[in-house]
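To find a chain, count down the sequence lines: A is the first, B the second, and so on, and within it residues start at 1.
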There are 2 protein chains.
Amino acid sequence: MNNHSKVIDIKTLKVSCTDCSLSELCLPRGLNEGELEKLDNRVLRKKPIQPGDQLFGNGLPGKSLYAVRSGAFKTYELSTNGDEQILGFHLPGELIGFDALADNYHHCTATALVTSSACEIPLEQIQSLCNQLPGLQHQMMRIIGKEVNVDHEMLVLLGKKSAEERLATFFLNLSRRYQDRKLSPYEFNLPMSRMEIANYLGLTIETVSRIFTRFQKQKLIDVNRRLVHLKNIDELRSLVMEDEINRSDVS
Amino acid sequence: MNNHSKVIDIKTLKVSCTDCSLSELCLPRGLNEGELEKLDNRVLRKKPIQPGDQLFGNGLPGKSLYAVRSGAFKTYELSTNGDEQILGFHLPGELIGFDALADNYHHCTATALVTSSACEIPLEQIQSLCNQLPGLQHQMMRIIGKEVNVDHEMLVLLGKKSAEERLATFFLNLSRRYQDRKLSPYEFNLPMSRMEIANYLGLTIETVSRIFTRFQKQKLIDVNRRLVHLKNIDELRSLVMEDEINRSDVS
DNA sequence: CGTCCAGTTGAGGCAGATCAAGCGCGGTGG
DNA sequence: CCACCGCGCTTGATCTGCCTCAACTGGACG
């Protein structure tokens, strides 16, 4: 490496996996220093991506995974009548691009919600490294498994939950993910618009807005434009599990 | 191989990957004879599973993937209020159990819809074999990628489609999967109840029943109990307006 | 200080849920 | 052989949560 050169600019330093604060959430988790360096050498750092710009697009060849380094992305598919369905919002440390594993073409599109950056890791490199580093293979499996489980949670949300439950679930999910990133689980900025929240949760923008207002009246949250303050997380939690209490006692 | 022994009973023959008619849909796809044998040695064949019995259960340790050999399974998660959300129906040749990749515990439950059987492949074996057989690693990635894409299609369905579109999509999807299995794409038995169809599609049993009736009046299908006859696939397609570009799993 | 646009609020409508009754087939037993 | 039951499914009537349409608000920005 370039340890011999003491005069390295901050940018170069910041972009190595070794010094990345996200390594415990990302692919490097569980690797030792030597292994990390091997991985590091295969990772391509991409230039900052402006809001609305694509990281990858539906129908385009895809031979890499991407780790969100900063900012936030959304992935979405186009429905038959042309309008989009958002599949997920992706925060730093999260990997996206699994949709290209099947046939090396992307089946969804990823665009930046705010100015963002990402690391690109070619699939070929991942595969060959996995053969050398059992820890990496293990971590890959964990990440893929989590991806599948997250999607399944969304199916439950869309298939069974009321609008109110969806919003409460959404806030609690974001809260936990910000906490995992050493950020406040109580106060954060939404990187996405109301429109995008509604789309993601299978609702309309009006319904989302009304429930934001309702939650504020109930002192559960404060929302000011995109700044959210969760004031009563326990109550939000009980909202998600509320309905079984009401339904199961009449006998 | 055991070609030297001419006296082998049919059961033994039938259960090897070499002779399994599903191998082109399943894990063995793309492996040569020698490689196939290696895989074959690691696969455990499970006894037949009766309708309603579990292949694996939510919260239980999971250290294997399972390939459906015959019959059909459903996987489901319990929502916070206790009722189930069906995540998928699984036909012969399909792999299930990816929900345990994240932490070696299952996050959903798999039960047989009819008398079924499955092959168990321990994850450890898959991983070590993947290091020896690039073809297997490649096929694993393909299957995982397809799994992710299928889940994403379901998110679009639940987030955006009308009840009618959901049912049409459901029929077309089953039709294609039966065709892939060299069965009639026009006439087949549903392995699941109306209730399970409704649950899977985020609808009620009454709505499903009404749309079945409507489709019959429109001469799109014939349904008699669980026997379905698709009479006008093109019209069903136009109901969904779905471009089936992505499902060509023969890639 | 007007325009724009994201978001909010209100009124009314509708797709699908809920509630309730009926149907038909397979199984049981008489 | 029919009478009866149970259960999966169908059908009808009514209800409702969320959508749709439409008007309004307030901060950002030229």
When the distance from [atom1] of [X] to [atom2] of [N] is rounded to whole Å, what number comes out?
X: B:Asn199; N: C:dG16; atom1: CG; atom2: C1'; value: 16 Å
X: A:Leu158; N: C:dG16; atom1: CG; atom2: P; value: 15 Å
X: A:Ile211; N: C:dT8; atom1: CD1; atom2: P; value: 12 Å
X: A:Glu206; N: C:dG12; atom1: CD; atom2: C1'; value: 13 Å
X: B:Leu201; N: C:dA17; atom1: CG; atom2: P; value: 11 Å
X: B:Leu190; N: D:dG8; atom1: CG; atom2: P; value: 16 Å
X: B:Asn224; N: C:dC23; atom1: CG; atom2: P; value: 18 Å
X: A:Phe212; N: C:dA6; atom1: CZ; atom2: C1'; value: 13 Å

Regarding A:Ser193, tell me which of base, sugar-phosphate or nothing describes its non-hydrogen contacts under 4.0 Å with the strands shown.
sugar-phosphate
Contact between B:His152 and A:Gln85 at the side-chain level, heavy atoms closer than 4.5 Å - yes or no?
no
When you measure from the side chain of [X], which nucleotide among [options] comes out closest?
X: B:Leu203; options: C:dA17, D:dT11, C:dT9; result: C:dA17
X: A:Thr204; options: C:dT18, D:dT20, C:dT8; result: D:dT20
X: B:Arg210; options: D:dA13, C:dG7, D:dT10; result: D:dA13
X: B:Thr207; options: C:dG16, C:dT9, D:dC18; result: C:dG16
X: A:Ser162; options: D:dC9, C:dT8, D:dC18; result: D:dC18

So does B:Arg225 reach the base of C:dG26 with its side chain, donor to acceptor, closer than 3.5 Å?
no
Check ion pair [X]-[Y] (N to O, under 4.0 angstrom):
X: A:Glu24; Y: A:Lys182; result: no
X: B:Arg181; Y: B:Glu94; result: yes
X: B:Arg177; Y: B:Asp180; result: no

Looking only at the aromatic ring of each residue, does the gap between the centers of B:Phe188 and B:Phe171 stay below 6.0 angstrom?
no
